[in-house]
Chemist: 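The structure under discussion is supplied below as C-alpha cells; questions concerning it will follow.
Heads up: numbering here begins at 1 and tracks the sequence. Because only heavy atoms are used, hydrogens play no part in the values below, and waters and symmetry mates are left out as well, while side chains stay in. Every number for a ligand or one of its atoms is a count from 1 in the order of the listing.
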Amino acid sequence: MKLLVTGGAGFIGSAFVRMAMGETGLRVVNLDKLTYAGNLENLVDVEGNARYRFVQGDICDAELVNALVGEERPDAIVHFAAESHVDRSILSPEPVVRTNYNGTFTLLEAARLHHIARFLHVSTDEVYGSLPAPAEADERYPLNPSSPYSASKAASDLLARSYFVTFKLPVVITRASNNYGPYQFPEKLIPLMITNALEDGSLPVYGDGRQVRDWLYVEDHCRGILAVLHHGRDGEIYNIGGNRSLPNLEVVHQVLALTGKPESLIAYVKDRPGHDRRYALSSEKLMRETAWQPVMNFEVGLARTIEWYRGNSAWVERVRSGAYRTYYERNYGNRAAVT
Ligand code: NAD
Ligand code: DAU
C-alpha cells in the first residue's frame with residue numbers, strides 16, 4: 001500500500017510517518033511545504049528508507065499536487081497539512097484559510113481526478129466549539145467553530161464530505177482532541193510550558209486557566225488514524241479523544257511538579273479572544289467499530305514528553321530561533337501579566 005501523506009514533517013504527521021513506515025510493505029510519499037512548523041529533523045528515523053520519499057511543496061499548488069498524485073498513484077491520501085495554531089490564526093487568518101480550506105480543495109480535486117481509493121482528512125474536535133459540561137460531542141454534534149483556525153477546519157470537513165456525497169470520493173474524516181508528545185512545536189500549551197519551565201521562564205496562562213481540554217498522546221492519535229485508514233467506512237466521521245479532560249491550570253501544575261520548578265513561574269495573562277471554554281469528545285464510535293482505544297496514561301505521557309524536551313535541547317534551540325522570537329513577541333508582548 002502506498003500513502004501520500006501531507007504535512008508529514010509536522011508534529012503529528014511525522015509521528016504518523018514514523019509509525020506507518022514501521023508497517024511492513026507500506027510506502028509513504030510525504031508532501032510538505034516546510035513552513036515554520038515543518039521540520040525534516042523530525043524524520044531522521046525514516047530518511048534513506050527505500051519505501052519513503054519526501055517532496056517539498058505547497059498543497060495549494062494545483063499543478064504540483066496533480067502531477068504528484070498522477071505520478072505516484074497512491075492507494076490513499078492522509079491529509080495532515082494545515083496551519084494548526086489558534087493564536088496564529090487570530091494574528092494572521094489569511095494563510096490559515098488558504099492552506100486549510102483551499103489546500104484541502106486542491107487535494108480533493110486531485111483525488112477525484114485520479115480516482116484515489118481513500119481520502120483521510122485529519123480534523124479536530126475544535127469544530128464542535130465550546131461545550132457546556134457535562135456534554136460530550138459525538139460525530140453528529142452540531143458544528144460551532146469559534147476561531148479562524150477551527151472555522152477553516154470545519155469548512156474543509158464540509159467540503160471533504162461534499163466530495164463523498166456528490167462525487168462518491170471515498171472520504172473519511174477524523175476529529176481528534178488536543179495532542180501532546182515529542183516533537184511538538186513549542187507554541188502549543190504543553191511544549192511551551194515545558195520549554196519555558198526548563199529555562200525558569202514565565203508560564204503564560206490565558207484568563208483564569210480553567211479552560212478544559214481532552215489530552216491525547218500523539219501515538220494514540222496516530223494508531224487511531226491507522227485504524228480509520230484500514231477499517232473506517234466511506235463517508236464517515238470518527239472522533240479520536242484521549243479520554244482525559246483537564247483544566248489548563250492542572251496541566252501547568254503537573255509540568256511544574258515534573259520539572260521541579262516553582263509555582264511563581266505562572267503568569268496569568270490577557271485571555272485569547274473567543275477562547276473556547278471546554279472541549280469534550282466521545283470516541284465511542286471508533287472504539288465500537290475498531291479495536292482502537294487510547295492507551296497512554298496522561299501522567300506517564302507527560303513525564304515522557306518532558307524527558308524528550310530535556311534530552312533534545314538542540315532541537316528546541318533551533319526551532320525557537322529567528323521567526324519564533326518574532327511570533328512570541330507578537331503574541332505575548334501585549335499580554336501583560338494580570339492578577
Ligand atoms: P503542525 O503545525 O505541527 O504541522 C503542520 C505541517 O503542515 C507542517 O509540517 C507544515 O510544514 C505543513 N504545512 C503547512 N502548510 C502547508 C501547505 N500549504 N502545504 C504543505 N504543507 C503545509 O500541525 P500538527 O499539530 O501536527 O497538526 C496536524 C493536523 O492535525 C492538522 O490538520 C491539525 O488541524 C490536526 N489536529 C491537530 C491537533 C493538535 O492537537 N495538534 C489535534 C487535532 C487535529
Ligand atoms: O482540540 C484540538 C486542537 O488543539 C487542535 O485542532 C489544534 O491544532 C491545537 O493547536 C489545539 O488547539 P488549542 O487552542 O486547544 O491548543 P493550545 O495548545 O494552543 O491551547 C490549549 C489551551 O491552553 C487553550 O485553552 C489555550 C491555553 N493556553 C495556550 C497557550 C499557547 C494558555 O493558557 N497559554 C498559552 O500560552
Chemist: May I ask you to check whether Tyr324 and Phe185 place their ring centers less than 6.0 Å from one another?
Modeler: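 Yes; Phe185 has its ring centre under 6.0 Å from that of Tyr324.
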Chemist: Could you tell me if Arg335 sits above the aromatic ring of Tyr206, with its cationic atom closer than 6.0 Å to the ring centre and no more than 45 degrees from the axis?
Modeler: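 Yes, Arg335 lies over the aromatic ring of Tyr206.
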Chemist: Run through ligand 1 for me and note each protein residue having a heavy atom under 4.0 Å from it, chain first, then residue number.
Modeler: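 Near ligand 1, by chain and number: Gly7, Ala9, Gly10, Phe11, Ile12, Asp32, Lys33, Leu34, Thr35, Ala37, Gly38, Gly57, Asp58, Ile59, Phe80, Ala81, Ala82, Ser84, Thr99, Val122, Ser123, Thr124, Tyr149, Lys153, Ala176, Ser177, Asn178, Asn179, Lys188.
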Chemist: Just checking Arg288: does its CZ atom have more than 12 heavy atoms from other residues, nucleotides or ligands closer to it than 6.0 angstrom?
Modeler: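 More than 12 within 6.0 Å, yes.
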Chemist: Not counting sequence neighbours, which residues clear salt bridge (Lys or Arg N to Asp or Glu O under 4.0 Å) with Asp208? List them please.
Modeler: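 Asp208 satisfies salt bridge (Lys or Arg N to Asp or Glu O under 4.0 Å) with Arg277 only.
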Chemist: As a test of reading the model: which residues have a non-hydrogen atom less than 4.0 Å away from ligand 2?
Modeler: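 Residue list for ligand 2: Ser84, His85, Val86, Asp87, Thr124, Asp125, Glu126, Tyr149, Ala176, Ser177, Asn178, Glu187, Lys188, Leu189, Leu192, Met193, Pro204, Val205, Tyr206, Gln211, Arg213, Asn248, Arg272, His275, Tyr279, Tyr332.
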Chemist: Looking at Tyr141, is Arg175 sitting on its ring face, NZ or CZ under 6.0 Å from the six-membered ring centre and within 45 degrees of the normal?
Modeler: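 Pair Arg175/Tyr141 does not count as cation-pi.
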Chemist: Just jot down the side-chain hydrogen bond (donor to acceptor under 3.5 Å, both in side chains) partners of Glu94, sequence neighbours excluded, or say none.
Modeler: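 Partners of Glu94 by the side-chain hydrogen bond (donor to acceptor under 3.5 Å, both in side chains) criterion, ordered by chain and then number, come out as Arg98.
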Chemist: Taking the six-membered ring of Tyr180 as reference, does the NZ or CZ atom of Arg213 fall below 6.0 Å from its centre and within a 45° cone about the axis?
Modeler: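 Output no; distance or angle outside limits.
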Chemist: Out of Arg88, Arg330, Arg320, which residue meets the salt bridge (charged side-chain N to carboxylate O under 4.0 Å, His left out) rule with Glu187?
Modeler: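 Testing Glu187 for a salt bridge (charged side-chain N to carboxylate O under 4.0 Å, His left out) against Arg88, Arg330, Arg320 leaves exactly one candidate, Arg88.
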Chemist: Under 6.0 Å between the ring centres of Phe119 and Tyr163?
Modeler: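 No: the rings miss the under 6.0 Å criterion.
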